[in-house]
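Quick notes on the structure that follows.
None of the values given here were measured: they were computed from a predicted structure. Atom set for the values below is all heavy atoms of this structure, side chains included, hydrogens, waters and symmetry mates excluded.
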Amino acid sequence: MKPLKGNKKIDFLFDKGKRCSSEFLSCVFLKQETDVLFYVVSVPKKFFPRAVDRNKIKRHLREVIRKNEDVFIKNGFGWYMIIFKHSSFVSFDALNKDVCSLF
């Protein structure tokens with residue numbers, strides 16, 4: 001698993017990708033014919049104006065993705081953007097269950 005970098009790639013992902021959502025998360029994904037899984041984590045500034053709060057949620061999401069790497073691989077290799085869409089903090093266990101149910 002590697003982070004997806006570059007505005008052009010992320011814009012392409014938003015244009016061509018498929019969308020799905022769950023209780024706390026929204027996902028945009030695009031399957032590719034590679035053996036590498038790329039991901040991006042995003043937390044809107046609208047819901048969490050303090051950078052400290054956004055960074056904490058991003059750390060939790062990255063850890064959930066790392067722990068559930070096999071779930072992503074079963075879904076297929078490609079590009080994934082995980083967007084946190086809830087307006088308050090969520091426990092780590094709730095995030096873990098939500099990611100598993102999303103995929």
With a 4.5 Å heavy-atom cut-off, do Leu4 and Met81 have their side chains touching?
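No - every pair of side-chain heavy atoms lies 4.5 Å or more apart.
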Should Ile83 and Leu25 count as side-chain neighbours, where that means a heavy-atom distance under 4.5 Å?
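When only atoms from C-beta onward are counted, Leu25 and Ile83 do not touch, as no gap falls below 4.5 Å.
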Under the side chain to side chain contact (heavy atoms under 4.5 Å, CB included) test, residues paired with Arg66 that sit two or more places apart
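Listed in chain order: Glu63.
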Taking only residues two or more places apart in sequence or in another chain, which ones pass side chain to side chain contact (heavy atoms under 4.5 Å, CB included) with Lys2?
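Lys2 satisfies side chain to side chain contact (heavy atoms under 4.5 Å, CB included) with Val36, Phe38 only.
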Ignoring hydrogens and angles, tell me if any N or O in the side chain of Arg19 forms a donor-acceptor pair with the backbone of Phe14 under 3.5 Å.
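Yes.
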List the atom pairs, donor and acceptor, that lie under 3.5 Å between side-chain atoms in residues 39-62 and the rest of the protein, sequence neighbours left out.
| residue | atom | partner | partner atom | Å |
| --- | --- | --- | --- | --- |
| Arg54 | NH1 | Phe48 | O | 2.8 |
| Arg54 | NH1 | Pro49 | O | 3.0 |
| Asn55 | ND2 | Ala51 | O | 3.2 |

Which residues pass the ring-ring contact (aromatic ring centres under 6.0 Å, His included) test with Phe12, not counting sequence neighbours?
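Phe12 satisfies ring-ring contact (aromatic ring centres under 6.0 Å, His included) with no residue once adjacent residues are dropped.
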Applying salt bridge (charged side-chain N to carboxylate O under 4.0 Å, His left out), name anything that partners Glu23, two or more places apart in sequence or on another chain.
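Per chain and number, Glu23 pairs via salt bridge (charged side-chain N to carboxylate O under 4.0 Å, His left out) with no residue.
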With side chain to side chain donor-acceptor pair (under 3.5 Å) as the rule and sequence neighbours excluded, what pairs involving residues 81-103 come up?
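Passing the test, one end in residues 81-103: Ser22-Asp98, Asn68-Asn96, His86-Ser88.
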Please tell me whether Leu30 and Ile73 are part of a single hydrophobic cluster in this structure, the criterion being side-chain heavy atoms less than 4.5 Å apart.
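No, separate clusters.
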Hydrophobic clustering (ILVMFWY, side-chain heavy atoms < 4.5 Å, transitive) - are Leu102 and Val90 grouped together?
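Yes, Val90 connects to Leu102 through the hydrophobic network.
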Give me each pair satisfying salt bridge (charged side-chain N to carboxylate O under 4.0 Å, His left out) with a member in residues 3-17, each pair once, sequence neighbours excluded.
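Salt bridge (charged side-chain N to carboxylate O under 4.0 Å, His left out) check on residues 3-17 returns no pairs.
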